[in-house]
Amino acid sequence: MAYVISDACVSCGACEAQCPVGAISQGDTQFEIDPEKCIDCGSCAGTCPTGSISQG
């Protein structure tokens with residue numbers, strides 16, 4: 001199950017650099033995770049300063 005980013009995201013970009021497969025990108029209002037690319041490694045969740053990333 002892919003990770004997801006909640007509305008608590010402040011668009012700091014910390015997660016984007018941690019994704020080894022490039023599944024995270026800036027959306028219209030916050031960062032988004034492409035579920036087709038996500039490999040469920042959790043690297044992004046550990047780096048999010050607001051705890052906005054969890055397994056969907």
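Here, residue 1 is the first one in the sequence, and each next residue gets the next number.
- By the 4.5 Å side-chain criterion applied to Ile, Leu, Val, Met, Phe, Trp and Tyr, I53 is assigned to a cluster that also includes Y3, I5, I24, F31, I33.
- Here side chain to side chain donor-acceptor pair (under 3.5 Å) pairs that include residues 35-56, with residues two or more places apart or in two chains, are T50-S52.
- The side chain to side chain donor-acceptor pair (under 3.5 Å) contacts involving residues 6-35 comprise nothing, where partners must be two or more places apart or lie in separate chains.
- Scanning for side chain to side chain contact (heavy atoms under 4.5 Å, CB included) contacts around V21 gives C19, A23, I39, with sequence neighbours left out.
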